[in-house]
2 protein chains.
Amino acid sequence: MTGSGTQPRRLATVARACDIVAALNELGGAGVTELAEHVDISKSSAHAYLNTLREQHLVVRDEGRYRLSLEFLYLGNAVRHREPLFVYGQSVVEDLAADSGEYVHLMCEQHGFERNIYKSAGEHAVGGEYHTTKEQQPDYLHFTASGKAVLAALPEQRVDSIVEEHGLPEKTPNTITDPDELFAELSAIRSQGYAINDEEEVMGIRAVGAPIRDADGEVLGGISISGPTGRFTLDRCHEVFAEKITERANVIEAKLNMSSASESLR
Amino acid sequence: MTGSGTQPRRLATVARACDIVAALNELGGAGVTELAEHVDISKSSAHAYLNTLREQHLVVRDEGRYRLSLEFLYLGNAVRHREPLFVYGQSVVEDLAADSGEYVHLMCEQHGFERNIYKSAGEHAVGGEYHTTKEQQPDYLHFTASGKAVLAALPEQRVDSIVEEHGLPEKTPNTITDPDELFAELSAIRSQGYAINDEEEVMGIRAVGAPIRDADGEVLGGISISGPTGRFTLDRCHEVFAEKITERANVIEAKLNMSSASESLR
DNA sequence: TCGAGCGTTCGTCAAATGCGAACAATTATG
DNA sequence: CATAATTGTTCGCATTTGACGAACGCTCGA
C-alpha cells in the first residue's frame with residue numbers, strides 16, 4: 001500500500017483548460033467542434049474555454065482555427081533563463097559541443113521525467129532531433145545517460161517512487177526494464193561518477209552523462225554527450241568521454257557555487 | 001459606441017489559472033501565501049490552483065516554492081516550429097545578421113501586439129536585449145520598424161481597432177502618439193515598401209523593417225534590422241538597409257510560396 | 001521550549017459551469 | 001446560383017464546483 005494521506009483538491013476546470021492546451025498543441029490548432037470531440041466536452045463548453053484562453057492571450061484565432069499563441073515562447077524563455085543550470089551551463093554546453101563536434105545536452109528532472117534545458121549540436125552531431133510538432137512522448141530518465149546519472153544522485157526512495165509511478169518502458173532491446181537491474185546500475189554509476197547509455201534509448205547511439213550538484217550536494221540536473229556507436233565505442237566512452245563530461249559538469253558546479261557564494265555576501 | 005454584439009462567455013476559473021501562471025512568471029516562483037496575496041484569492045484557493053497545475057505538470061514545487069515547469073519551454077518550441085515564418089525565415093534571419101553584423105528580428109502580430117518569433121545577433125549587434133525574467137511589458141507595434149511595416153499591411157479597420165484597444169503609448173520623444181500621424185506614416189510606408197524606426201522605441205537605435213506576406217497578399221509578419229544611429233544614419237537606412245531588408249523579406253515570401261505551392265500538389 | 005508563520009484540509013453555500021437546443025454564419029454541393 | 005450540410009455562437013437552466021474561513025499540522029527560528 002503506497003497511497004497514503006489525502007489528495008490535494010483538484011480544480012476540474014483548470015485541469016480541463018490544461019487538457020485543451022495540450023490538445024491544441026498536439027493537433028497544432030483546431031476548430032471548436034474538432035476540439036470538443038477531442039477532449040470530449042460539448043461544443044458550447046469548448047467555445048467558452050477557447051475564448052477565455054484567447055482573452056488571456058494564450059490562444060490566437062486565425063481563419064477559424066484556434067492555436068496556441070507565442071506567449072508560450074515567451075514564458076518558456078523566461079522559465080529557462082531562471083534555471084541556474086541554463087544560466088551557468090549554456091556556454092559550457094556550447095564549448096563542449098564545439099570542441100568535440102558531438103551533441104551535448106543539459107537536462108534536469110521534473111515530475112520524474114527528463115526535461116531538456118538546452119542542447120548544442122557539434123559539427124558532426126548525430127541524433128538529438130527534437131520532437132517539434134507531433135505528440136511528444138515524455139522522456140524517461142532510465143534510458144538516457146544524464147537521466148541515469150541524475151537518478152543515481154537522487155535519494156533511493158525518490159527513485160523508487162519514480163519507478164513506481166512511471167515504470168521502466170522499453171525503447172530498445174538494451175533498455176533497462178528491471179528495477180533491480182536499474183538499482184544495480186545506479187550503484188555502479190555512483191561509484192564511477194558518470195553514466196553510460198549503451199544504445200538504451202536509440203539503437204546506434206551511445207552517450208555519457210554526469211550529474212550536476214549544488215553546494216549542498218543536491219542534484220540540479222545532468223549533462224551528457226552523445227553520438228554514433230562508431231565514434232562512441234565503449235572504450236572511448238569510459239576513457240575519453242567520461243572524463244570530458246565529468247570535467248564540464250564540474251565547471252558548471254563551480255560556476256553555480258561561485259554565484260551562490262557571492263549571493264550570500266549581501 | 002464601439003462595443004457591439006455580445007461578449008463570449010468567460011470562464012472565471014480558467015482566467016484565474018492564467019493569472020496565476022502570469023504571477024508565477026513575474027514573481028519567478030512563489031509560495032502559497034505569497035501567491036494568494038498577489039492575485040487576491042484565499043490561501044486555500046491558491047493551494048488548489050497550484051496543485052492542480054502541478055498535477056498537470058505545468059508547475060513544479062521545489063523547496064516549498066511553486067515555479068513554472070519546463071513544459072512551457074517545450075510548448076513554446078512546438079508553437080514556434082509550427083510558425084511558417086520561423087520554419088522558412090530562421091536561416092534568412094541568421095544569414096542577414098551574419099552578413100550585416102547587426103541585429104535582425106523576425107516577428108508577427110498577435111492580439112494587436114508585436115511578438116518576436118526569432119532573433120539573431122550579428123557580430124556588432126547592439127540592443128535587442130530580451131526581457132527575460134522581470135515583468136515583460138508587451139511590445140507595441142507602433143514604435144518598431146517591423147511593427148509599423150505590419151500595421152501598414154493590415155486592413156485599416158484592423159489598425160483602427162488595435163489603436164483603439166491599446167492606444168499609442170510613448171516610449172521616446174520620437175514615438176508616434178497621434179493616430180492621424182500614424183496613419184500618415186503607414187500610408188508612406190505602403191508606398192515605399194518598408195518602415196523606418198527613427199529612435200521611436202529606444203534612443204540611439206534605428207531600425208528598418210519590411211512586411212512578409214503570403215501568396216494571397218495577407219501579412220504574416222515582418223522582419224527588421226536594427227542598430228546604433230552611428231551606423232544607421234537616415235541616409236543609410238533608406239539606401240542600403242531598406243534594400244537589404246526588403247530583399248530578405250522577399251526571399252522568405254518566396255520560400256513560403258514554394259512550400260504552399262507544393263502542398264497543393266497533393 | 002515555545003511561538004510565529006506557512007502549508008494543508010474540510011464543510012458549507014453561493015456561484016460558476018456544462019449541457020442541449022436554437023440560431024447564425026460559413027462552406028460545400030448539386 | 002440556390003440549397004444543404006457543417007461549423008460557430010448564444011442562451012437558459014439544473015447541477016456541480018470552487019471560494020472562503022476556520023482549524024489543524026508542520027517547520028523554522030527565537
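Chain letters run A, B, ... following the sequence lines, proteins first and then strands; every chain starts at 1.
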Expressed in angstrom and rounded to an integer, what is the separation of [X] atom [atom1] from [N] atom [atom2]?
X     : N      : atom1 : atom2 : answer
B:H47 : C:dT8  : NE2   : P     : 5 Å
B:Y66 : C:dG7  : OH    : P     : 8 Å
B:N51 : D:dA19 : CG    : P     : 14 Å
A:E63 : D:dT7  : CD    : P     : 17 Å
B:L50 : C:dT9  : CG    : P     : 13 Å
A:R61 : D:dT7  : CZ    : P     : 16 Å
A:E34 : D:dT9  : CD    : P     : 14 Å
B:E37 : C:dG7  : CD    : P     : 10 Å

How are the rings of B:Y140 and B:H142 set relative to one another: parallel (under 30°), tilted (30 to 60°) or perpendicular (over 60°)?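 Perpendicular, since the angle between the ring planes exceeds 60°.
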
Taking the inter-plane angle between the rings of B:H111 and A:H57 on a 0 to 90° scale, is it parallel (under 30°), tilted (30 to 60°) or perpendicular (over 60°)?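 The rings of B:H111 and A:H57 lie parallel, inter-plane angle below 30°.
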
Within 45 degrees of the ring normal and closer than 6.0 Å to the centroid, is that where the cationic atom of B:R54 sits relative to B:Y66?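 Verdict for B:Y66: no cation-pi partner in B:R54.
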
Between A:R115 and B:Y74, is NZ or CZ placed under 6.0 angstrom from the six-membered ring centre and within 45° of the ring axis?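 Yes, a cation-pi geometry.
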
Just checking, any donor-acceptor pair under 3.5 angstrom between side chains of B:R213 and B:N257?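 No, no side-chain donor-acceptor contact under 3.5 Å.
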
Exam field: side chain [X] to backbone [Y], donor-acceptor pair closer than 3.5 Å:
X      : Y      : result
B:H38  : B:E34  : no
B:T52  : A:L11  : yes
A:N250 : A:T246 : yes

What's the shortest heavy-atom distance between B:I117 and B:E83, and which atoms?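 That would be CD1-CG, 3.8 Å.
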
Which protein N or O atoms sit under 3.5 Å from an N or O of nucleotides 12-19 of chain C?
{"from": "C:dT17", "atom 1": "OP1", "to": "B:A12", "atom 2": "N", "distance (Å)": "2.9"}
{"from": "C:dT17", "atom 1": "OP1", "to": "B:T13", "atom 2": "N", "distance (Å)": "2.8"}
{"from": "C:dT17", "atom 1": "OP1", "to": "B:T13", "atom 2": "OG1", "distance (Å)": "2.9"}
{"from": "C:dT17", "atom 1": "OP2", "to": "B:A12", "atom 2": "N", "distance (Å)": "3.2"}
{"from": "C:dG18", "atom 1": "OP1", "to": "A:R16", "atom 2": "NH1", "distance (Å)": "3.2"}
{"from": "C:dG18", "atom 1": "OP1", "to": "A:Y49", "atom 2": "OH", "distance (Å)": "2.4"}
{"from": "C:dG18", "atom 1": "N7", "to": "B:R9", "atom 2": "NH1", "distance (Å)": "3.1"}
{"from": "C:dG18", "atom 1": "O6", "to": "B:R9", "atom 2": "NH1", "distance (Å)": "3.1"}
{"from": "C:dG18", "atom 1": "O6", "to": "B:R9", "atom 2": "NH2", "distance (Å)": "3.3"}
{"from": "C:dC19", "atom 1": "OP2", "to": "A:S42", "atom 2": "N", "distance (Å)": "3.0"}
{"from": "C:dC19", "atom 1": "OP2", "to": "A:S42", "atom 2": "OG", "distance (Å)": "3.2"}
{"from": "C:dC19", "atom 1": "OP2", "to": "A:S45", "atom 2": "OG", "distance (Å)": "3.3"}

Global bending angle along the helix from C:dT1-D:dA30 to C:dG30-D:dC1, which compares the axes of five pairs at either end, to 10 degrees: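 Inter-axis angle at the termini of the helix from C:dT1-D:dA30 to C:dG30-D:dC1: 50°.
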
